[in-house]
2 protein chains.
Amino acid sequence: MNIHSLAASSTQTDPGNKRERIIHATIRLISEYGFHGTPISMIAQEAGVGAGTIYRYFKDKDTLVLEIFKQVNCAFKQTLLHGYDEGQPVRDRFLHLCRGIFQYGMKNPYEFKFIEQFYNSPYGTTLRREKIFCNCGDTGQDLPLEQVFAAGQAQQVIKALPLAALIALAIGPIVFLVKDSIAGLIQLDEATIHNTLAACWDAIQQETGTNRQPVVTPSFFATEEKP
Amino acid sequence: MNIHSLAASSTQTDPGNKRERIIHATIRLISEYGFHGTPISMIAQEAGVGAGTIYRYFKDKDTLVLEIFKQVNCAFKQTLLHGYDEGQPVRDRFLHLCRGIFQYGMKNPYEFKFIEQFYNSPYGTTLRREKIFCNCGDTGQDLPLEQVFAAGQAQQVIKALPLAALIALAIGPIVFLVKDSIAGLIQLDEATIHNTLAACWDAIQQETGTNRQPVVTPSFFATEEKP
DNA sequence: ACAGGCGGAATGAACATTCATTCCCTTGCA
DNA sequence: TGCAAGGGAATGAATGTTCATTCCGCCTGT
């Protein structure tokens, strides 16, 4: 798997809309069966094109999937920023982004699961570790969610947990629930979505009231493990 | 020199420990590459046995993986019940189970990812939908986590969210964090684990104080989507 | 008529599974 | 105690299938 052909995308406008059909077929099938579980022949059939035609548009299977991932991932990020206002309070910005992830997953189940598949593959893990990601106007800066966490911690409205933990607390439940929804295991109504998102906020927010267990600081655990 | 006997181990009890070696190799490889990404030949090599030997112990690749899943899933559930006391308060029981998942994942990364892979495969989804699961002393009753949620809701210490949402809020972040840890993307210390688990509780617990946004009820959303 | 996109058969590699053979432990017999 | 035959376990080359990729003749738009 090599990385080239960044922009051979549209030699001429678009002959049929074969490229699009191939992309959608790939997303749908890989989201369900995974990379190794979806042969090129299956993609060709689903797209309604000949197997050879796929190679007119993509160098090989690896390139096909990687290019689709970049495209889908960028579109996903763009979606999150729709209507996003940096001037809003931390809680509102947080909920906007989380709701965006939720809605994206509900409206684009195949893309959502495709992204999941990719991130959980060895290739995806490498990508994350090397922080390559895609550049879709992305200047290498933090994702907005990370900015929200930083701002929230500065204002002491968000817990002083490691970034990875905050991300897990925010996104973990959403991914979990969206996957269950896509699989048809549950039916989500708007109230449940709203309350779940509020619960995600409860998880990361720094309590200021008195009716809460104190958060234990790292130094507490210097010598012992459990009270 | 001698005549019989140092090892009565062979014919019946454990021929070598090949079966074990095959199982461990399968878990390790599938946890990393997925079902379709790990050929039998690779499993045989990793286990240090001939490819044909695997078929002495398992009917085919599907059976191999399914049997391993049952075994691993049951062992996982048993682990969670270690030291579990139904007489404890809801919060303590909840934290015990969540911590158990966390620790299991950290100590058994291959098994943890194997279970993940399985649940996210088409087969795993089907299994979940049909609620077949394995019966390892499992009398078909609810998982302890579900019992805790039910008890907590009865006592009004846990939010009145659908079961699937509560499970997502509890397990989602843990799965997320453990996977990051296994991938080597983060380093977890005990304090972070403790605080993250506490945050999971914050997510599902029903506030009794006054400094909290009210939880919106379903009827609120009957006609509109966003205030 | 022709240039180039297109489908799908052709190709060689890789895969799951089988099977003839080898290996090694047990056991009957001298 | 020594020895060799018997039999189940193990092996890896053989088999038939499926895969990714290539190739070539057809066909459409111009």
Side-chain angles (χ1 to χ4, degrees), chain A residues 1-5 8-27 29-30 32-69 117 121-123, chain B residues 1-27 29-30 32-69 117 121-123:
Chain A
M1 48 179 97
N2 358 15
I3 303 173
H4 41 204
S5 71
S9 53
S10 57
T11 330
Q12 302 162 2
T13 51
D14 191 328
N17 55 332
K18 293 190 193 296
R19 192 186 152 96
E20 277 306 302
R21 297 219 306 278
I22 292 166
I23 289 176
H24 283 127
T26 305
I27 291 171
L29 293 172
I30 287 192
E32 185 166 358
Y33 304 111
F35 179 83
H36 294 290
T38 70
I40 287 284
S41 58
M42 201 189 289
I43 294 173
Q45 185 170 36
E46 172 100 0
V49 303
T53 306
I54 292 175
Y55 291 85
R56 299 203 88 53
Y57 294 91
F58 302 94
K59 180 180 165 290
D60 55 25
K61 199 180 172 190
D62 277 309
T63 304
L64 167 67
V65 173
L66 185 57
E67 266 182 47
I68 293 177
F69 170 74
Q117 290 268 12
S121 72
Y123 199 16
Chain B
M1 291 296 229
N2 49 10
I3 307 178
H4 322 70
S5 55
L6 292 178
S9 61
S10 54
T11 329
Q12 292 225 338
T13 51
D14 192 329
N17 57 331
K18 292 192 196 295
R19 193 186 151 96
E20 278 305 301
R21 297 219 306 276
I22 292 167
I23 289 174
H24 282 127
T26 305
I27 291 170
L29 292 172
I30 287 192
E32 184 166 358
Y33 304 111
F35 179 83
H36 294 291
T38 71
I40 287 285
S41 57
M42 201 190 288
I43 295 173
Q45 184 169 38
E46 173 99 358
V49 303
T53 306
I54 292 174
Y55 291 85
R56 299 205 71 71
Y57 293 92
F58 302 94
K59 180 177 165 291
D60 54 24
K61 198 180 171 189
D62 277 307
T63 304
L64 167 68
V65 172
L66 184 58
E67 268 183 45
I68 292 178
F69 169 74
Q117 291 268 11
S121 73
Y123 198 17

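Order of the sequence lines fixes the chain letters, A, B, ..., with proteins taken first and strands second; residue numbering starts at 1 for each chain.
- The nearest whole Å value for the distance from the CG atom in B/N17 to the C1' atom in D/dA10 is 14 Å.
- Atom OH of B/Y55 and atom P of C/dA20 are 18 Å apart (whole Å).
- Remark: side-chain polar atoms of A/N17 are not paired, donor with acceptor, to backbone N or O of A/E20 under 3.5 angstrom.
- Rounded to a whole Å, the CG atom of A/D60 is 17 Å from the P atom of D/dC19.
- Looking only at side-chain heavy atoms (C-beta outward), B/I43 and B/L64 come within less than 4.5 Å of each other.
- For B/H36 and D/dT18, the NE2 to P distance is 14 Å, given to the nearest whole Å.
- Rounded to an integer number of Å, the gap from B/I54 CD1 to C/dT17 P is 10 Å.
- Residues A/T53 and B/S41 each lie close to DNA chain C; by heavy-atom proximity, the contact nearer the 5' end of the strand is made by A/T53.
- In this entry the distance linking CZ of A/R19 with P of C/dG5 reads 15 Å, nearest Å.
- In the set D/dT11, D/dA20, C/dA16, D/dT11 carries the atom at the smallest distance from any side-chain atom of B/V49.
- Between the CD1 atom of A/I40 and the P atom of C/dG8 there is a distance of 16 Å, rounded to whole Å.
- In this structure, B/K61 satisfies the cation-pi test against B/F35, with its NZ or CZ atom closer than 6.0 Å to the six-membered ring centre and inside 45 degrees of the ring normal.
- At least one side-chain nitrogen or oxygen of B/Y57 sits closer than 4.0 Å to the OP1 or OP2 atom of D/dA10.
- What separates CZ of A/R56 from C1' of D/dC26 is a distance of 13 Å, to the nearest Å.
- The residues A/E67 and A/K59 are annotated as not salt-bridged, no charged nitrogen and carboxylate oxygen being separated by less than 4.0 angstrom.
- Nearest nucleotide to the side chain of B/K18, out of D/dA10, C/dC6, C/dT18: D/dA10.
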